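This report concerns only the one structure given below.
None of these values were measured; they are calculated from a predicted model. A, B, ... follow the sequence lines: proteins, then strands. Residue 1 opens every chain.
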Amino acid sequence: TELKPEEIREIIWEFKLALIENDVAVVVADHICEQLESNLAGLKIGRFNDKRKIIKEALRETLLKLFETPNKVDLIEIVKKKQVLKEPCVIIFVGINGTGKTTTIAKIANLLLKRGYSVVLACSDTFRAGSIEQLEQHAKKLGVHLIKHRYGSDAAAVAYDAVQYAKTRGINVVLVDTAGRMQTNKNLMAEMEKIIRVVKPDLTIFVGDALTGNDAVSQAEEFNRYVDISGSILTKMDADAKGGAAISIVYVTKKPILFLGVGQRYEDMELFKPDLIINQLLN
Amino acid sequence: KLGSSLYESLKKMFGAAVVDEAVVKDLIRDLQRSLLQADVNVRLVLDLSKRMEERALKEKVPPGIPRKEHVVKVVYEEIVRLLGEKPVPLKVTPGKRNVFMFIGVQGSGKTTTVAKLARYFQKRGFKVALICADTFRAGALAQLSQLAAQINVPVYGDEDEKNPVKIALEGLKKFEKYDIVIVDTAGRHKDEKSLIEEMKILQEEIKPDEIIMVIDGTMGQQAAAQAKAFHEATPIGSIVVAKLDGSARGGGALSAVAATGAPIKFIGTGEKIDDLEPFDPPRFVGRLLG
Ligand SMILES: Nc1nc2c(ncn2[C@@H]2O[C@H](COP(=O)(O)OP(=O)(O)OP(=O)(O)O)[C@@H](O)[C@H]2O)c(=O)[nH]1
Ligand SMILES: Nc1nc2c(ncn2[C@@H]2O[C@H](COP(=O)(O)OP(=O)(O)OP(=O)(O)O)[C@@H](O)[C@H]2O)c(=O)[nH]1
Ligand SMILES: [Mg+2]
Ligand SMILES: [Mg+2]
């Protein structure tokens, strides 16, 4: 027999609510379920097949496809390529306020140092109280140099200086920290655009908070629109986050998620694997 | 900010010639979608919409009021009821020292809000002092000190002391003569058991007059669960919703209120020290309904 639209609509609605309860943005859940419905239309199933199970597996397929972005981003591979070219790999981190950019930079620096690469940090957050002291403490703990100017100075200039510093000393990687900014603040988004234009980073990473709700769509959309992000890092997954924000961000940007932040220590970062989030969502 | 799509569906309803069951059901469905997009907790949205639908369809419309207007009134009332009918001010007892302790998830906006609240009270003639009891975050004392320096408010902290209770008690001794002392704490979430325990102990030792939880306005479906867990560990007196200057609609905070009964007393509307507004429920919902 053929799956009829009315019988699957009720089940799909339940799955849609489950997606939303797991922090998938409503508009993204809508699109996913529309696609699911069209994929299931006219599907022939046996009279005694479990409809719910079939729909669940179809949803799993839809979600897995969603995570197959056109580009893969392998951080270490990109660092290696730049090393061969004898150029520093410049990575800049952007996102709204408090998502974990500064802490993530410390984690990435730690990861790179462990693999034997040299790192220099740049504090291009010249605005927020204590931003320089915070990054400075991390730099000290990691044993890396920090390029900083005074509070109120030009953010792009700090990043530029850091790249020059890395070039003259043969440092493998420059990690650039930027100030948190609301995606709705045109001036700050323009400032960020300028930093990217001046510094020409090899990677621009959007850092998002896994606890974010529907705003994840607007954030990812706007940041991607202004500076064509290379990929994202989702932090605070350890805070019982359901991971739906990962789906929203990837759906909207079509760029991969590189890592998940799973705690506040340097070692609390894992490579992103879509199956983990999808399994959690469907079970 | 729960607003514009709800306003659109209300406009659609007013366009309908007669308000019948189908139109009400349609309105409630649009409403559900709008509330979900605003990050209101799914369970709460389903409860709310069931109640609204029952009232809209079954309540006797008061004489002289068109049924359409009655439906709008029902929607408005149910949401205002959730937020608390009247704004609740943060109570400061004159002639004694008031201690406020700030808690919340990592990065929600506590440190910034502590400084903003200090400014708010300073403008009203109170002598305010701050304590940095965040012994974990790199640069925490520098951050709070720099903010406080902007408004000439004293800060106590100790970068070599790892015990937040010791710092808080030392700071309270030092600031005995102040009207208001605000204590900033480290960010934590409900599954960090030792940090939740640390927060409990800190509250027992310093006995604050009010515990204030800062909630990130961009938080989604987890807001209610986080707030509930914090509340069970240390009873929350009030909530401040930060980052409402962005595009997030703050439904998570609404869910946190419903889950804890703690009223929202302020909202954060920016990164500067003056970006703090007292929370006004009816005005908020009025803006919400356009
Ligand atoms: N539990 C948990 N906390 C995290 C994680 N990543 C960052 N944090 C915490 O989140 C808070 C904010 O982190 P920051 O690195 O200062 O965030 P930021 O994006 O640089 O903030 P701004 O520069 O102010 O925009 C800190 O308390 C971090 O320790 C994570 O993966 N898990
Ligand atoms: N746009 C905006 N940014 C805010 C608001 N409140 C706080 N912030 C910013 O959000 C970021 C995090 O604020 P913090 O005060 O460091 O947050 P916190 O809760 O103390 O963080 P932890 O101590 O690490 O848990 C900073 O960049 C603040 O400037 C607000 O109302 N609007
Ligand atoms: Mg930062
Ligand atoms: Mg803080």
Side-chain donor/acceptor pairs under 3.5 Å, residues 217-226 of chain B, sequence neighbours excluded:
| residue | atom | partner | partner atom | Å |
| --- | --- | --- | --- | --- |
| B:Thr218 | OG1 | B:Asp216 | OD1 | 2.8 |
| B:Gln221 | OE1 | B:Val42 | N | 2.9 |
| B:Gln221 | NE2 | B:Val40 | O | 3.0 |
| B:Gln226 | OE1 | B:Lys190 | N | 3.0 |
| B:Gln226 | NE2 | A:Ala239 | O | 3.4 |

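- Side-chain atoms of A:Gln264 and B:Gln106 include a donor-acceptor pair closer than 3.5 Å.
- Of the two parts of A:Ser218, only the side chain, counted from C-beta on, holds a non-hydrogen atom closer than 4.5 Å to a non-hydrogen atom of chain B.
- Put simply, the side chain of A:Asp240 never gets that close to the backbone of B:Asp191: no donor and acceptor are under 3.5 Å apart.
- Looking at heavy atoms from C-beta onward, B:Gln146 lies in side-chain contact with A:Glu133 at the 4.5 angstrom threshold.
- Heavy atoms only, all atoms of each residue included: A:His138 and B:Ala138 are closest at NE2-CB, 3.9 Å.
- Contacts with chain A (heavy atom to heavy atom, under 4.5 Å) involve no residue of residues 108-123 of chain B.
- The residues B:Arg249 and A:Asp215 are annotated as not salt-bridged, no charged nitrogen and carboxylate oxygen being separated by less than 4.0 angstrom.
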Exercise. Give the intermediate values and the outcome of side chain to side chain contact (heavy atoms under 4.5 Å, CB included) for residues A:Asp238 and B:Glu192.
Key: CA-CA 9 Å; A:Asp238 53 306; B:Glu192 290 166 325; 3.9 Å; yes
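- Residue with the most contacts toward chain B among A:Gln137, A:Glu222, A:Lys236: A:Gln137 (heavy-atom pairs, distance under 4.5 Å).
- For a heavy-atom cut-off of 4.5 Å, chain B lies close to A:Trp13, A:Leu17, A:Ile20, A:Glu21, A:Asp23 in residues 13-23 of chain A.
- For the pair B:Arg137 and A:Gln134, the minimum side-chain heavy-atom distance is below 4.5 Å.
- In this structure, the portion of B:Leu46 lying under 4.5 Å from any heavy atom of chain A is its side chain and not its backbone.
- Only the side chain of A:Ile96 comes within less than 4.5 Å of a heavy atom of chain B; its backbone N, CA, C and O stay farther away.
- Using a 4.5 Å cut-off between heavy atoms, B:Val105 contacts chain A through its side chain alone, with no backbone atom that close.
- Residues of residues 177-187 of chain A that come within less than 4.5 angstrom of chain B, heavy atom to heavy atom, are A:Gly180, A:Met182, A:Gln183, A:Thr184 in numerical order.
- Contacts of A:Glu136 with chain B are absent, with no heavy-atom separation under 4.5 Å from either backbone or side chain.
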